Every structure is written in structure tokens, then in C-alpha cells.
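These notes are about the structure you will find just below.
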Amino acid sequence: MINMRTSPIRSLPSLIRIVVKAVILVAILNFVFLVVGFDPIQALVRINLWGLAGRGRERVIYASDFQNGQLPIPALLATHELAVRPKAADEYRVIVLGDSAVMGWGLQDVETFAAQLTARGLYRDGKRLVAYNLAYPTPSIARDTLLIEAAQRYQPDAAIWFVTATGFAELPHDDLTRGVLQINRSQLSRITDANGLADWYDRWVMPEAPVTRWSAFRDPVLTGVWIGTLPYPFIVPDVGKAERRAALAPIPIKARFTSDHPVFVGMPGDTWRFLEIGKQVADSHGMQLFIVNEPILIQIGANSETNYNTLYERALYDRYRVELAVRTQVLGIPLIDLWDAIPAANFTDTVLHMDADGYRQVVDRVIEVLSE
Amino acid sequence: MGRLLIEAASNVTQAERTRKSSLAIQIRPGLIVLGAAVVAYLVSAGSFLQVGLIGLDLILIGVTFALIRTGRANSWLGLLWIGLIIAVLVGVKIVPIFGVGTVNAGGPALGWIGFSYLAFRLLHMVFDARLGKPNDATLGETVTYALHPASLIAGPIDRLPRSLTEQRHRSALAPRIRDGLWRVGTGVFKKLVIANSVYALITAIDMPRNPGYSAGLAWAWIIAYAFYLYFDFAGYSDMAIGAGSLIGLRLPENFANPYGQPNLTRFWTSWHISLSAWLRDYVFFPVSRILMQRTDRRHQTAIQFTAQITTMLVCGLWHGISLNFAVWGLWHGVGLFATAQIIQLWRRMGWTPLPGWAGVPIMFVYVCIGWVFFCTPDMPTALMILGRLAGL
């Protein structure tokens with residue numbers, strides 16, 4: 001057993017020399033990595049044990065492993081079945097994006113929109129349609145654009161992109177979205193710089209300490225997060241509980257998001273530009289893009305003349321729908337507007353989350369458009 | 001009190017008088033250590049209110065010093081003082097306002113940082129005084145011993161004679177710096193790299209919240225916890241020992257490859273060594289002695305059992321006043337007794353001793369099962385996890 005209690009280097013000057021040499025070596029490595037643009041931590045966190053389990057994940061995040069979501073998007077996708085399963089010759093590959101509702105909060109894997117769509121056994125362009133669930137909790141079209149771009153290496157043929165009004169917020173209003181954008185700031189800054197959205201980037205992403213910009217080992221905290229994700233292939237994930245009924249909650253006088261809410265003042269803001277960016281990415285890779293305006297719970301009762309539900313004021317949401325229709329038409333993106341398509345009885349614990357039957361109905365409506 | 005302190009501080013031998021001629025000179029090193037202790041408190045607590053508790057530390061140290069120097073530690077005053085320190089120690093663990101790391105609802109977090117360790121240092125001084133062991137420490141040296149800034153928060157629990165040797169005989173600077181830097185470096189690596197990495201696994205599996213996980217995952221979790229606890233605590237000890245070496249006040253070793261030991265007895269001579277040695281000297285031996293004096297040799301086994309159980313129960317409750325900690329202590333008490341009996345039986349039967357490595361996995365599994373009680377908040381959770389470990 002090595003004696004670790006005393007220094008194996010018997011002379012203090014020698015110990016100091018070794019420490020100095022080690023620091024110089026790390027500095028040289030850092031410089032080389034910076035020059036070639038290699039981030040060793042980003043490379044490390046893409047390694048996973050899903051191959052050992054012989055499968056990939058059906059979702060990027062489950063309720064029991066939100067920690068997984070604190071990894072960079074390429075690492076998230078590297079664990080997904082999208083990456084683990086090679087694209088078959090007869091596969092029409094569809095990626096599905098959206099928020100926790102589309103992710104399937106409270107639903108088993110087979111009950112999610114993506115799983116139900118795959119289970120229909122459809123064919124498109126002579127190929128078997130297989131949908132992959134890349135939805136990530138809390139709506140954000142900026143984050144979804146990052147996912148769309150990162151997913152291109154897995155050759156998707158189409159994307160079904162679920163959106164809702166809060167995904168177009170102009171300012172940060174939830175920590176989860178801000179966190180994922182922060183972790184993926186390199187990819188985000190490349191996109192925003194190329195599209196004149198530097199101000200938007202500065203509003204959403206916290207500035208880095210100057211020393212971080214000179215470090216090739218960015219986000220060392222990801223290492224601990226990554227270690228925590230290693231047992232996931234051997235753990236049955238929790239899918240969350242959706243036992244409350246949002247329809248039973250009284251509508252407040254003022255909904256959570258209104259026209260004068262700071263994140264929506266001046267709508268449409270720069271966040272809407274990400275629709276265009278997503279379309280550009282899709283076009284450049286020959287991927288078809290469909291946008292689905294996510295169903296919302298339409299409540300009745302007191303204050304329902306002002307608000308659709310606890311989340312959305314009517315005036316705000318109607319303005320959003322009009323803008324979405326205009327933008328998608330201008331950009332040439334097929335829009336499937338399902339905002340009021342699903343009965344209230346199918347909604348679960350939030351105004352966006354639905355039960356399995358709710359998504360069955362959504363699949364029916366989406367298939368109608370895909371079949372045209 | 002002031003008169004007592006001055007009387008005590010003045011009650012020094014002529015040899016000491018020639019070495020340190022005035023009260024001011026006596027307490028100067030202690031003031032430096034006190035300042036460092038204040039800084040250590042501030043860094044760890046982040047609250048000036050908690051720094052104020054250093055004042056209470058000083059009062060306790062001062063009274064202890066005075067009692068010993070005036071010879072009153074041997075009287076009923078000494079017994080009363082022992083009872084008071086123990087009462088405060090229990091109070092610190094139970095009463096939320098002084099609970100370490102506990103937030104008082106609506107108010108600031110008031111934790112008496114490091115009191116568990118300070119209490120044992122003070123008790124050791126009083127016990128040794130009552131046993132007639134010589135103590136020529138000055139007030140400054142006593143403050144330096146009791147408030148060693150590197151060991152203030154989480155040990156090791158040093159002994160006064162060893163500390164006095166360090167204080168009075170400074171070793172050469174270069175080796176001290178060399179070894180100090182090395183130990184701090186290894187401690188940082190153990191705590192910040194290894195322990196934090198293993199902790200990520202513990203939170204990922206999180207058995208208390210996931211009772212449905214398999215036996216395999218349950219074992220992975222508890223083994224991860226065992227190594228997390230070791231690397232975190234040993235890493236801290238390394239940093240403390242290294243820091244002590246750098247300031248010329250070396251501290252005793254606290255860990256010696258505990259998970260590589262062949263049996264539970266050897267485990268407890270290599271895990272948190274300073275605590276187990278304290279418990280051995282001030283709980284196990286006195287309890288054994290008292291029972292031996294009041295009974296006869298036929299009851300030796302029962303005496304050993306009682307002493308082991310009592311010692312480890314105290315050990316458990318020192319960590320926290322709760323059923324879980326008590327059961328953890330009892331688990332180890334039973335284990336230590338059983339280990340001693342098995343070794344004796346083996347010898348009596350003349351069997352060939354097993355190779356050392358054969359006992360390591362048995363010891364490790366036994367310790368891991370004990371950690372289940374240590375790391376869970378209540379007994380139902382502990383029993384649930386034990387059930388998972390057993391595949392139930």
C-alpha cells in the first residue's frame with residue numbers, strides 16, 4: 001500500500017517544481033484544446049452505458065432524472081434511441097419536439113404522442129414511420145431549435161414541432177429553460193450570432209466569467225452530473241404523476257400570462273425568429289417540418305370570459321394564434337392548429353398535459369395532415 | 001471567573017515562569033489561534049451570529065482550564081462541569097436553535113459548529129485531571145489545543161499531551177511545508193474529486209426515494225455511500241492535517257485504510273481513529289474497570305459485552321440523538337463483541353487463522369449494512385432499504 005501520508009517527493013523544491021510543471025502542462029493542453037476547438041468535458045459526457053443495456057432512452061428526460069437534462073444536448077441525444085438505433089433503410093424517421101406534455105408527463109412510454117404515432121404503423125414516402133420523442137420540459141422554441149439542429153446527424157426525415165404561447169416568451173421566466181440554454185450556450189451563440197440575435201442571447205444567457213472564456217475545460221460541474229447519469233440504463237424511470245385535474249382549479253381574475261406580462265410585452269419579439277431558424281435548418285437538411293399548436297384546456301366558469309384557463313389570458317393567446325398562423329404561412333410551414341381540439345376531460349394536472357386518450361386524438365388529427 | 005483564570009494562569013511551575021514570564025505572553029499564541037478559528041467559523045458558517053459562539057467556546061475552555069489548574073477538577077465541581085458539558089452536547093444535538101446545520105424557523109441558522117469535537121477535547125482534559133495525569137499547559141496552549149483552526153469544524157480529536165509536544169517542539173520548516181502541501185492536495189482530491197463524483201451516483205440512485213429499485217441497485221447505492229463517506233471524511237481529515245502541518249501544529253492521523261481491514265475490531269482502529277481512541281480510553285476502559293471491580297471474573301464475557309455496547313451506543317449518539325444513530329452504534333457494538341468472541345473461539349479451538357484478506361469482504365458488508373442506519377432519516381426507511389438489500 002502506498003503511503004499517502006507524507007509526500008513521496010522528499011524535497012520541497014522538487015515538489016514545487018513538479019506542481020509548476022503540471023500547471024504549465026495543463027496550460028499548454030488548454031491552449032491546444034482552445035485552438036482546435038475541442039472541449040474535453042463535452043466529449044466525456046457523451047459517453048454513456050446505454051450500449052451495455054442494449055437500447056436507448058425513449059425520452060430525453062424522465063421525471064426521475066431531471067439531472068440528465070443538465071447535460072449538453074449532444075450528450076442527451078447520444079443516450080436516446082434516436083442515436084442508439086441506426087436508421088433502417090425503410091424507416092421514415094420523425095423527430096417530435098415539444099414540452100412536458102409531449103414528453104408524456106404522467107404517461108407510460110407507450111402512451112406518449114410519439115409512441116402512439118409509431119404504433120399506427122403508417123407509411124410515408126414508402127417507408128415505415130417511426131417517431132422519436134425529443135420533447136423537453138417547459139416550452140421553448142429556442143431550445144427546440146437547438147434540438148432540431150443537433151438531431152440532424154441522425155438523419156430525420158421530418159419533425160413534428162409542438163408549440164404553445166409560453167414557448168415564445170421574450171424574456172426568461174423559468175429556470176429549466178434558462179439552464180439548458182446556459183449549458184448549450186456555445187451552440188446557441190453560434191446560431192444567434194449568425195442571425196443577428198446577440199441581444200436576445202445576452203438576455204437569456206448569463207455572462208461567463210472572463211477566466212472561463214480562456215478555459216477549454218468549460219462547465220466542469222457537468223462531470224458530476226454525467227457520473228450521476230451512468231446508472232440510468234439500469235433504473236426503471238419514473239414518468240411523473242398527473243393525478244390532479246387542472247379543470248377543477250378556479251380561473252383567477254388574472255391568468256399567469258397576460259398581454260402586459262413582461263415576457264410578452266411587444267409580442268412578437270425576437271424569440272419568434274427561432275421559427276425561421278428552425279425552418280432554415282430543416283430546409284438545409286431536406287427535413288420536412290410540421291408545427292402543431294398544442295391543445296390547451298379551455299375552462300368554463302368565473303373569469304373564463306377573460307382567460308382561457310389559469311395559464312393564458314384570452315387576449316394574449318388569441319394574439320399569439322394569429323401571429324403563429326401568419327408566420328407559419330409566410331415561412332411555408334404546415335400548421336396544425338389543435339388549440340381547442342381536445343375536450344377538457346382529457347386534460348390532467350396542467351392546462352397542457354393530457355391523458356393517453358387525449359394524445360390518441362392528437363395523433364388522429366396529425367395523421368390527417370400527414371396523409372394529405 | 002476572571003480571578004479564577006488569573007489564579008489558574010499564574011499557577012505555573014518555576015520552569016514555566018522562566019519560559020513565559022507574563023500572562024500576555026502566555027495567551028498570545030492562543031490569540032493567534034483564536035483569530036484563525038474565528039476566520040474558520042466565518043468561512044464555514046457565513047454568519048456573525050455563529051462567530052459569536054466562539055465566545056462561548058472560550059468561556060468553556062477558560063473554566064475547564066481554571067478547574068484543572070486550581071485542582072478543583074477532582075472535586076464535585078469537576079463532576080458538575082463534566083455533566084454540564086455533556087448536557088450542552090446533548091442540547092446542541094437536540095434543540096433546533098443550536099442544532100448544527102438546522103435552520104431555526106423564521107430566523108438565521110444557528111449551529112454551534114464543531115462543538116461535538118470541542119466537548120470531547122474538554123472532557124478529555126477533565127478526565128485526565130481526575131485521573132491524576134499531569135497537565136502543565138498554559139492558558140494559551142490550552143486555547144491553541146482546543147481551538148486548533150484546522151480541526152475546529154470536524155476533527156480530528158487531538159489529545160492535549162500530543163498537542164503540547166507539537167506546540168513546544170516545532171519540526172523543520174521545509175518538510176512541514178512539503179508534507180502539508182501534499183496532504184492538503186490529497187485531501188482536496190479525495191473530497192472534491194472522488195467524494196463529489198461518488199455523491200453524484202448516490203443522488204442518482206437515491207434509494208430512500210425509490211423503494212422499488214432492485215437489490216443490485218440498493219447494494220450499488222450503499223457501497224457508493226460507504227466510499228463517499230470515507231473519501232469525504234478522510235479527505236477533510238487530510239486537509240486538516242495538512243493545514244495543521246503548514247502552520248506547525250500537526251494533527252493526529254484519523255484514517256488508516258479502514259475498508260481494507262480484516263475484521264471489525266481493526267476497522268474501528270482505522271476509522272475516525274481519534275474518536276474511537278477517545279471512546280476506548282474514556283468510555284470502554286472505565287466501564288470495563290467499574291464492572292470488573294463490582295463483579296468477578298466469571299462475568300468477563302458479560303462485562304465485555306456491556307462495555308462494547310455502551311461504548312458504541314455513545315459513539316452513535318455522539319453523531320446524533322436519534323434512534324437511527326443509536327441502532328447504528330448498537331449494530332457495531334454487537335459486531336465488535338461477536339468479532340472478539342469469534343477470535344477467542346478460533347484460538348481456543350486451535351484452528352488455523354484465516355488469511356487477512358478473507359475477512360475484508362465480511363467486514364465491509366457488515367459495515368455497509370450499518371451505514372444504512374447511519375444515512376437514512378428514520379427507521380422505516382432504513383428497514384425498507386435493508387429489505388431491498390436482502391432482495392425482499
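The chains referred to below are lettered A, B, ... by the order of the sequence lines, with proteins before strands, and numbering in each begins at 1. Note that the coordinates shown come from a computational prediction; the quantities given were computed from them, not determined experimentally.
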CZ/A:R153: more than 12 non-hydrogen atoms of other groups inside 6.0 Å:
no
Under 4.5 Å from a heavy atom of chain B, the part of A:I235 involved
both
Identify which part of A:S14 has an atom lying under 4.5 Å from any heavy atom of chain B, answering side chain, backbone, both or neither.
neither
Rounded to the nearest 0.5 Å, what's the gap from CD on B:E253 to CZ on A:R5? Could you check?
4.0 Å
Between atom CZ of B:R178 and atom CD1 of A:I16, what is the distance when rounded to the nearest 0.5 Å?
11.5 Å
Which atoms of B:A256 are under 4.5 Å from chain A, going by heavy atoms: the side chain, the backbone, both sets, or neither?
both
Would the number of heavy atoms belonging to other residues, nucleotides or ligands and lying under 6.0 Å from CZ of A:F38 be above 12?
yes
Within-4.5 Å side-chain heavy-atom neighbours: A:L12 and B:L181
yes
Flag yes if more than 12 heavy atoms outside B:R250 fall under 6.0 Å of its CZ atom; otherwise flag no.
no
Taking 4.5 Å as the heavy-atom cut-off, does anything in residues 188-219 of chain B contact chain A, and if so which residues?
B:S197, B:A200, B:L201, B:T203, B:A204, B:I205, B:Y213, B:L217
Name, in order of residue number, those residues of residues 235-247 of chain B that have a heavy atom at a distance of less than 4.5 Å from a heavy atom in chain A; otherwise write 'none'.
none
